[in-house]
Asker: 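The following block contains the structure, expressed as structure tokens.
When a ligand or atom number is given, it counts from 1 through the structure's own listing order. Bear in mind that the values here come from a model prediction, so they are computed numbers and not experimental data.
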Amino acid sequence: MTTHNKAQTNLIHAPRQAPQYIETIQPPLFRASTIIFKSTAHLFDRHWSDAYDYSYGTHGTPTTFTLGDNIAQIEGGRYCLLAPSGLSAINLVNSALLSSGDEVWVADNIYGPNLEHLNNLQDRYGITVEIYNPIDANSFQPTEKAKLIWLEAAGSVTLEFPDLKNLVKKAQQANVLTALDNTWGAGLAFNAFDFSDEHLAVDITVHALTKYPSGGGDILMGSVVTHEQALHHKLFRMHAIQGISISGDDAAQIQRSLAHMSLRYEQQAQSALTLLDWLKQQPQFTQVLHPSDPDAAGHSFWSEICSTGKSAGLVSVIFKPEYDLNAVRKFCDSLNLFKLGFSWGGPVSLVMLYDLKQMRALENTHLQQGLLVRFCIGLEHPEDLIQDIQNGLKQLD
Ligand SMILES: Cc1ncc(COP(=O)(O)O)c(C=O)c1O
């Protein structure tokens, strides 16, 4: 017979609760797949639609619910679901709300992978994908099959601010649900659940928490926020069925970064405005894109919706046509502080090169011909960033 080693069992069943009276700046971190029920009564009395259903890790823990509640509050909504990336949050909305035969509308400047996902649904399930021009609400012509319209304010590459009020108004009249990719505004530039005195609001916001809420360029996460309980439950069911869940460690990291998110957002936005002024004076560009610029497409919509004058830290330029792909690549490769990479909202400034010809379905008159470079402003001093771009432009002389 083996010796009975009590230490092994005792170690496993050692007290695991922190004393209840301890208060810390950051909330405690819960990591869980299993959540232990106090009794069979607790097991059988629970219901999936309870706001805080502590039954299994995929449903949530105090750590994930705390983050979700904070995100809902920042965005002006009531309910929040968390997903492992911004794109998976987008996909949750599409798969929960669209069925075979439905029609979905997307802006011509939509975040590319969302359109890719919808095109995939179109091919497999007969969902019709229609494209509208975000600055022309008349181009949105829903039929009776229309179920959902995707909005993005501002579009994350070409930065047009859409005619949000009229698009939402038209959607409401046609009984079409509105989902806004709120990553650019981050819940700070405007309240998507209350546009103004007209009581206009979107139904759903999706936010790539990967950007400003994370703030570190190192964590992926997304959220889906709603105001109406029935709609939340519909999304919640799909969230549960698909087993969408996030790590407690990641949630705690983002929760920690929320404390300084608005300070970072404003600093990055301010630096982007400094760059905007300088970029507009450079002869190599045919267009500089930022919604606060009076020449920008959708500028008046931005002024009305973002009435406090807020904007994110993104600014794009279109090179004059004489700068070919080799020249613009040379420019991007020669930058030192700006790193070549996707995403935004972190401490390090990023640059990305796009070919507009491959990104647009509709004819548009507000964008010039040429290669587009997007600058995502980090937390470096704006004068250093200007110097970096100036050095890069010298390579083209
Ligand atoms: C506007 C916008 N929405 C959604 C996403 C997707 O977020 P994630 O990278 O977390 O999947 C991105 C990512 O670049 C984005 O720019």
Asker: Atom 8 (P) of ligand 1: which protein heavy atom is closest, and how many Å away?
Answerer: Gly86 N, 3.4 Å
Asker: Taking the six-membered ring for Trp, are Phe190 and Phe195 parallel (under 30°), tilted (30 to 60°) or perpendicular (over 60°)?
Answerer: tilted
Asker: May I ask you to check if ligand 1 and Asp181 share an N or O to N or O distance below 3.5 Å?
Answerer: yes
Asker: For residues Val93 and Val225: do they belong to one hydrophobic cluster (side chain heavy atoms under 4.5 Å, members Ile, Leu, Val, Met, Phe, Trp, Tyr)?
Answerer: no
Asker: Using a strict cut-off of 4.0 Å, indicate which atoms of ligand 1 neighbour a heavy atom of Glu152.
Answerer: 1 (C)
Asker: Consider ligand 1: state whether an atom of it lies below 4.0 angstrom from any non-hydrogen atom of Trp184.
Answerer: no
Asker: Which bit of Ser85 gets closer than 4.0 Å to ligand 1, counting heavy atoms only: side chain, backbone, both or neither?
Answerer: both
Asker: Using 0.5 Å steps for rounding, measure from the NE2 atom of His59 to the CD1 atom of Ile35.
Answerer: 9.0 Å
Asker: Is any N or O atom of Ser343, backbone or side chain, closer than 3.5 Å to an N or O atom of ligand 1?
Answerer: no
Asker: State, without any angle test, whether Asn138 and Asn133 hold a side-chain donor-acceptor pair at a distance under 3.5 Å.
Answerer: no
Asker: In terms of relative ring orientation, are Phe65 and Tyr52 parallel, tilted or perpendicular, with 30° and 60° separating the classes?
Answerer: perpendicular
Asker: Could you tell me the residue and atom name of the protein heavy atom closest to atom 11 (O) of ligand 1, and the distance to it rounded to 0.1 Å?
Answerer: Leu87 N, 2.9 Å
Asker: Using a strict 4.0 Å cut-off to heavy atoms of Thr183, name the atoms of ligand 1 that fall inside it.
Answerer: 3 (N)
Asker: Applying side-chain contact (heavy atoms from CB on, under 4.5 Å) between Val288 and each of Ile318, Val315, Asp277, Asp295, report the one that passes.
Answerer: Val315
Asker: Could a heavy atom of Phe342 be found less than 4.0 Å from some atom of ligand 1?
Answerer: no
Asker: Ring centres under 6.0 Å, that's the criterion: do Phe331 and Phe319 meet it?
Answerer: yes
Asker: Is any N or O atom of Ala208, backbone or side chain, closer than 3.5 Å to an N or O atom of ligand 1?
Answerer: no
Asker: Could you tell me the residue and atom name of the protein heavy atom closest to atom 16 (O) of ligand 1, and the distance to it rounded to 0.1 Å?
Answerer: Trp344 NE1, 3.4 Å
Asker: Using the six-membered ring wherever Trp is involved, compare the ring planes of Trp105 and Phe140 and label them parallel, tilted or perpendicular (cut-offs 30° and 60°).
Answerer: perpendicular
Asker: Among all protein non-hydrogen atoms, which one is nearest to atom 10 (O) of ligand 1, and what is the separation to 0.1 Å?
Answerer: Thr210 OG1, 2.5 Å
Asker: Among all protein heavy atoms, pick out the one at the shortest distance from atom 9 (O) of ligand 1; state its residue, atom name and that distance to 0.1 Å.
Answerer: Lys211 NZ, 3.5 Å
Asker: So, Glu152 and Asn109: side-chain donor and acceptor under 3.5 Å apart, yes or no?
Answerer: no
